[in-house]
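For reference, the structure is listed below as structure tokens.
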There are 2 protein chains.
Amino acid sequence: MDKRDLLVRTAFKLFYTQGIHAVGINLVLQESGVAKKTLYHHFPSKDHLVEATVRFRDEAYHHWLTGRLGAVAAGRPALLELFSALDDWFHGRAGEIDVFRGCFFINASAEFGDRDNAIHEACAEHKAKIVALIQSHVALLALPAGQARELTDLVTLLKEGAISMAHVQGNLDAALQAKAVFEHVTAGFHKTQSPS
Amino acid sequence: MDKRDLLVRTAFKLFYTQGIHAVGINLVLQESGVAKKTLYHHFPSKDHLVEATVRFRDEAYHHWLTGRLGAVAAGRPALLELFSALDDWFHGRAGEIDVFRGCFFINASAEFGDRDNAIHEACAEHKAKIVALIQSHVALLALPAGQARELTDLVTLLKEGAISMAHVQGNLDAALQAKAVFEHVTAGFHKTQSPS
DNA sequence: CTCCAGGTAGACAGATTGGTCTACTAAGGT
DNA sequence: ACCTTAGTAGACCAATCTGTCTACCTGGAG
């Protein structure tokens, strides 16, 4: 019932599936059944609406992912679950997060390439948040600092790479491939504390 | 002097730095100094021009990368060189390939999300070509089939992930991080033939 | 009781979009 | 000599874009 929220949700769905510049404000209005005046009452411009959709998606995505990771044991199992979650997402089995159309933040950054753009910055913040989430689970493995950093990089890059390949190439098994690589590389990290 | 080529080059530069939908045909015309009639003589529509820029970039990028990889020994050194090349690209030290604004193919796929879209398909073809290039160097390591597939996945995902992180997050060291991970994981693959 | 925030519908403005078209020029092959 | 191809400049078209504005409705707080 909150019109602002309705606008953001509708705009997100359209932007995500069709692209941001490709979707006009009038379509968002028509699809949501909200009056134009109302939109410009809540947002001073389209760009501000776009930024709001980025923040909305940030919250939704983060909520979904922490939910998935929280359902298993913290540490390595959670990192494995990350890839399973991605796999479900790619195959449209992650209801909460909608159909897979690539990473909304990567897509938005593609359309707003200037690094000092507010929309791009919001996307960067999202990525930083996800890296922090990964980092928190890597920390539980009690590895030396250097190894921990490297493992965080590995998971982050594998995850990001899988999303890219799944979208651009249509390789929907990318998450499973990433998972296999991760599993193999970290085969020696089963225990929380490595024997010294 | 070839107007068609001039149009494609100009269009690419503009599309790459500002986004495709964000750049109008008139800007391409103005920037290249070519008449509108000439454009529509060579391309039936803007979309066809876009597709041509994708194929142009595909060729340029592939040429640049094979050149870099060919300058060192094939196999593992070439794979390491891949990450060095990425690092140079991110930092604007890869003159031939222009300023870094993310991966043009990822960006284009973001704006043309339908998988059966000709532009998107051209992007997918490019990625497949790069994967094949990586695969050809992995093959030289003479690993068992399963391990070879996994290593190709690793390099591909690391590379794709690094590009994403470098662009969205502005983490320009992503290539070096990926390289460190790769170096660590493949520390045992120094020899061409693993002892059996 | 009054006022105002939040809402509706939609006309309107000004710029920009992709694309067509006329009129003309120049080079080259047959 | 002729015709095709590639080119110029730019007017023009219909559609669409973001954003403003008028005129009106409604519910709750001071």
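Source: prediction; values computed, not measured. Atom set for the values below is all heavy atoms of this structure, side chains included, hydrogens, waters and symmetry mates excluded. Residue numbers start from 1 in every chain, and the chains themselves are labelled A, B, ... in the order their sequence lines are given, proteins ahead of strands.
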- Task: Output all residues satisfying side-chain hydrogen bond (donor to acceptor under 3.5 Å, both in side chains) with B:Lys37, sequence neighbours left out; order by chain, then residue number.
- Result: none
- Task: Would you confirm whether A:His120, through its side chain, and A:Arg115, through its main-chain N or O, come within 3.5 Å as a donor-acceptor pair?
- Result: no
- Item | B:His21 backbone acceptor or donor facing B:Glu111 side chain under 3.5 Å | yes
- Query: Could you state the CG-P distance from B:Leu39 to D:dA6, rounded to the nearest angstrom?
  - Reply: 14 Å
- Task: To the nearest Å, give me how far apart CG (A:Asn26) and P (D:dA15) are.
- Result: 15 Å
- Rounded to the Å, how far apart are B:Lys37 NZ and C:dG18 P? 18 Å
- Message: I'd like to know if B:Glu51 pairs up with B:Arg55 as an ion pair, taking the criterion as any Lys NZ or Arg NE/NH1/NH2 lying under 4.0 Å from an Asp or Glu carboxylate oxygen.
- Response: yes
- Task: Quickly work out the B:Arg4 CZ to D:dT8 C1' distance and round it to whole Å.
- Result: 20 Å
- Integer-rounded Å distance: D:dT18 C1' and A:Ile20 CD1: 16 Å
List the atom pairs, donor and acceptor, that lie under 3.5 Å between side-chain atoms in residues 169-177 of chain A and the rest of the protein, sequence neighbours left out.
residue	atom	partner	partner atom	Å
A:Asn171	OD1	A:Asp173	N	3.2
A:Asn171	ND2	A:Gln177	OE1	3.4

- Contact check, residues 108-122 of chain B vs DNA chain D, heavy-atom distance under 4.0 Å, returns none
- Could you check which residues of residues 41-50 of chain B get a heavy atom under 4.0 Å from DNA chain D? Sort them by number, please. B:His41, B:His42
- Query: For DNA chain D, whose closest nucleotide is more 5', that of B:Thr38 or that of A:His21?
  - Reply: B:Thr38
- Query: Would A:Phe83 and A:Glu183 count as a side chain to side chain contact (heavy atoms under 4.5 Å, CB included) if you check the C-alpha gap in whole Å, the side-chain angles of each, and the deciding distance to 0.1 Å?
  - Reply: CA-CA 10 Å; A:Phe83 294 106; A:Glu183 227 162 352; over 6 Å; no
Let me have the donor-acceptor pairs involving side chains of residues 100-108 of chain A, under 3.5 Å, with sequence neighbours excluded, atom names and distances please.
residue	atom	partner	partner atom	Å
A:Arg101	NH1	B:Gly113	O	3.0
A:Arg101	NH1	B:Asp114	OD1	3.4
A:Arg101	NH2	B:Asp114	OD1	2.8
A:Asn107	ND2	A:Arg101	O	3.1

- Query: CD1 of B:Ile25 versus P of C:dG19: gap in Å, rounded?
  - Reply: 5 Å
- Task: For the pair B:Asp58 and B:Lys129, find out whether any cationic side-chain nitrogen is under 4.0 Å from an anionic carboxylate oxygen.
- Result: yes
- When you look at A:Ile25 and A:Tyr40, which way does the side chain to side chain contact (heavy atoms under 4.5 Å, CB included) test go after all the steps? CA-CA 10 Å; A:Ile25 274 188; A:Tyr40 282 100; 2.9 Å; yes
- Query: What is the minimum heavy-atom distance between A:Leu69 and A:Ala78, and which atoms define it?
  - Reply: CD2-O, 3.3 Å
- Pull out every stem in DNA chain C, meaning runs of 3 or more consecutive Watson-Crick or G-U wobble pairs with both distances under 3.5 Å. C:1-30 with D:1-30
- Task: Using atom CG of B:Leu7 as one end and atom C1' of D:dT8 as the other, report the distance to the nearest whole Å.
- Result: 13 Å
- Query: Could you state the OH-C1' distance from B:Tyr40 to C:dG18, rounded to the nearest angstrom?
  - Reply: 5 Å
- Kindly say if A:Lys36 contacts the phosphate of C:dT8, meaning a side-chain N or O under 4.0 Å from OP1 or OP2. no
- Query: Any Lys/Arg nitrogen of A:Glu31 or A:Lys13 sitting under 4.0 Å from an Asp/Glu carboxylate oxygen of the other?
  - Reply: no
